[in-house]
A.B. asks: 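Attaching a single structure in structure tokens format; questions to follow.
Owing to the predicted nature of the structure, the values given are computational and were not obtained by experimental measurement.
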Amino acid sequence: DAKLKLAHDLYKELSCRKGMAEAMHIMGAVLGDSPQGIVHYEQAVQTSKLAGDQQSQAKSLIALARLQSKLRNRPAASKCWEEALNIKKLYNDQSAIKTCLTELCTLHEQIDDFGVT
């Protein structure tokens, strides 16, 4: 974790948003199922967006959606899947589109089953 933080700081010093986003994404993955992982993935999403790197943004959105689902934050997960879906449609990534749609259907069924809004 200290090495990833150092890498992030070096990328920041170099004004390399893409590298910063990748370091934040990896930190989110390293933290596993913790709420702190959400923070790192959200930062990776925003940094990728600022860098204009939609593919990395979608990758972090998908990871964030999966973590939100694990933590039972279904509405937040749904929002992430929808954003990732919109990006993947731009690139006509059929496999990712299918994954996003499948996950969205599953989430919406769970939201309906549990009355979560």
Side-chain angles (χ1 to χ4, degrees):
D1 194 31
K3 288 181 182 179
L4 287 170
K5 175 75 171 117
L6 177 62
H8 174 268
D9 292 345
L10 288 172
Y11 284 126
K12 186 175 183 177
E13 193 172 310
L14 296 170
S15 298
C16 179
R17 287 188 174 135
K18 190 171 182 171
M20 289 169 53
E22 184 63 23
M24 295 308 296
H25 181 92
I26 294 169
M27 282 193 268
V30 167
L31 290 168
D33 297 346
S34 75
Q36 190 62 32
I38 290 173
V39 173
H40 290 298
Y41 282 135
E42 286 174 342
Q43 290 174 344
V45 168
Q46 291 307 314
T47 305
S48 295
K49 187 175 185 175
L50 289 172
D53 185 353
Q54 290 183 313
Q55 294 286 29
S56 291
Q57 183 183 355
K59 178 178 83 170
S60 293
L61 280 164
I62 289 169
L64 178 57
R66 288 188 171 126
L67 180 53
Q68 293 282 23
S69 289
K70 282 183 183 178
L71 298 176
R72 301 202 188 293
N73 299 328
R74 291 180 181 98
S78 181
K79 183 176 182 259
C80 292
W81 282 116
E82 288 171 9
E83 288 181 42
L85 173 63
N86 290 333
I87 293 170
K88 291 304 186 176
K89 283 181 179 178
L90 294 173
Y91 293 92
N92 199 29
D93 184 340
Q94 294 300 311
S95 175
I97 291 169
K98 181 179 177 183
T99 298
C100 292
L101 290 172
T102 300
E103 293 293 335
L104 278 166
C105 287
T106 301
L107 277 172
H108 285 283
E109 286 174 0
Q110 291 173 349
I111 289 170
D112 289 343
D113 288 345
F114 295 107
V116 178
T117 57

A.B. asks: Using the test side-chain hydrogen bond (donor to acceptor under 3.5 Å, both in side chains), find all partners of Gln94 that sit at least two apart in sequence or belong to another chain.
C.D. replies: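 side-chain hydrogen bond (donor to acceptor under 3.5 Å, both in side chains) check on Gln94 returns Asn92.
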A.B. asks: With ILVMFWY side chains joined below 4.5 Å, transitively, what does Val39's cluster contain besides itself?
C.D. replies: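 Via sub-4.5 Å side-chain contacts, Val39 links to none.
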A.B. asks: For the residue pair Lys88 / Gln55, report whether a side-chain donor-acceptor contact shorter than 3.5 Å exists.
C.D. replies: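 Present: a donor and an acceptor within the cut-off.
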A.B. asks: What about Leu107 and Ile97, same hydrophobic cluster or not, with Ile/Leu/Val/Met/Phe/Trp/Tyr joined at side-chain heavy-atom distances under 4.5 Å?
C.D. replies: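 Per the 4.5 Å side-chain linkage, Leu107 and Ile97 are co-clustered.
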A.B. asks: For Lys89, check side-chain hydrogen bond (donor to acceptor under 3.5 Å, both in side chains) against everything at least two apart and list the hits.
C.D. replies: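 side-chain hydrogen bond (donor to acceptor under 3.5 Å, both in side chains) list for Lys89, sorted by chain: empty.
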A.B. asks: Report the residues that fulfil side-chain hydrogen bond (donor to acceptor under 3.5 Å, both in side chains) with Gln46, sequence neighbours left out, ordered by chain and then residue number.
C.D. replies: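 Partners of Gln46 by the side-chain hydrogen bond (donor to acceptor under 3.5 Å, both in side chains) criterion come out as none, since no residue qualifies.
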A.B. asks: If I take atom CD1 from residue Ile87 and atom OG from residue Ser56, how far apart are they, to the nearest 0.5 angstrom?
C.D. replies: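 With rounding to 0.5 Å, CD1 (Ile87) is 10.0 Å from OG (Ser56).
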A.B. asks: Ser78 versus His108: any side-chain heavy-atom pair under 4.5 Å?
C.D. replies: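 Side-chain contact under 4.5 Å: yes.
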A.B. asks: Specify the closest pair of heavy atoms between Val45 and Leu61, including all atoms of both residues, with the distance to one decimal.
C.D. replies: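 So the minimum-distance heavy-atom pair works out to CG2-N, 3.7 Å.
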A.B. asks: With a cut-off of 3.5 Å and sequence neighbours excluded, list every side-chain donor-acceptor pair involving residues 17-31.
C.D. replies:
| unit_1 | atom_1 | unit_2 | atom_2 | d |
| --- | --- | --- | --- | --- |
| Glu22 | OE1 | Lys59 | NZ | 2.8 |
| Glu22 | OE2 | Lys59 | NZ | 3.4 |
| His25 | ND1 | Ser60 | OG | 2.9 |

A.B. asks: Which residues pass the side-chain contact (heavy atoms from CB on, under 4.5 Å) test with Gln68, not counting sequence neighbours?
C.D. replies: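 Expected list: Ile38, Glu42, Leu64, Asn73, Ala76, Ala77.
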A.B. asks: If you look only at pairs with a residue in residues 29-38, which of them pass as a salt bridge (Lys or Arg N to Asp or Glu O under 4.0 Å), with sequence neighbours excluded?
C.D. replies: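 Non-adjacent pairs meeting salt bridge (Lys or Arg N to Asp or Glu O under 4.0 Å): Asp33-Lys70.
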A.B. asks: Can you name the residues that form a side-chain hydrogen bond (donor to acceptor under 3.5 Å, both in side chains) with Asn86, not counting sequence neighbours?
C.D. replies: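 Expected list: none.
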A.B. asks: What's the spacing between Glu109 CD and Leu104 CG if we round to 0.5 Å?
C.D. replies: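 Between Glu109 CD and Leu104 CG, I get 11.5 Å after rounding to 0.5 Å.
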A.B. asks: Can you list everything that forms a salt bridge (charged side-chain N to carboxylate O under 4.0 Å, His left out) with Lys79? Sequence neighbours excluded, please.
C.D. replies: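 Salt bridge (charged side-chain N to carboxylate O under 4.0 Å, His left out) list for Lys79, sorted by chain: Glu83.
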A.B. asks: Under the salt bridge (Lys or Arg N to Asp or Glu O under 4.0 Å) definition, can you give me all pairs with a residue in residues 95-107, not counting sequence neighbours?
C.D. replies: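 Listed by first then second residue: nothing to list.
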A.B. asks: What are the two closest non-hydrogen atoms of Ala84 and Ala58, and how far apart are they?
C.D. replies: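 Nearest heavy atoms, Ala84 then Ala58: CB-O, 4.2 Å.
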A.B. asks: Residues two or more places apart in sequence or in another chain: which of them pass side-chain contact (heavy atoms from CB on, under 4.5 Å) with Arg66?
C.D. replies: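 Expected list: Ile62, Trp81, Thr99.
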A.B. asks: Output all residues satisfying ring pair (Phe, Tyr, Trp, His ring centres under 6.0 Å) with His40, sequence neighbours left out; order by chain, then residue number.
C.D. replies: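 Once residues adjacent in sequence are excluded, His40 has no partner under the ring pair (Phe, Tyr, Trp, His ring centres under 6.0 Å) criterion.
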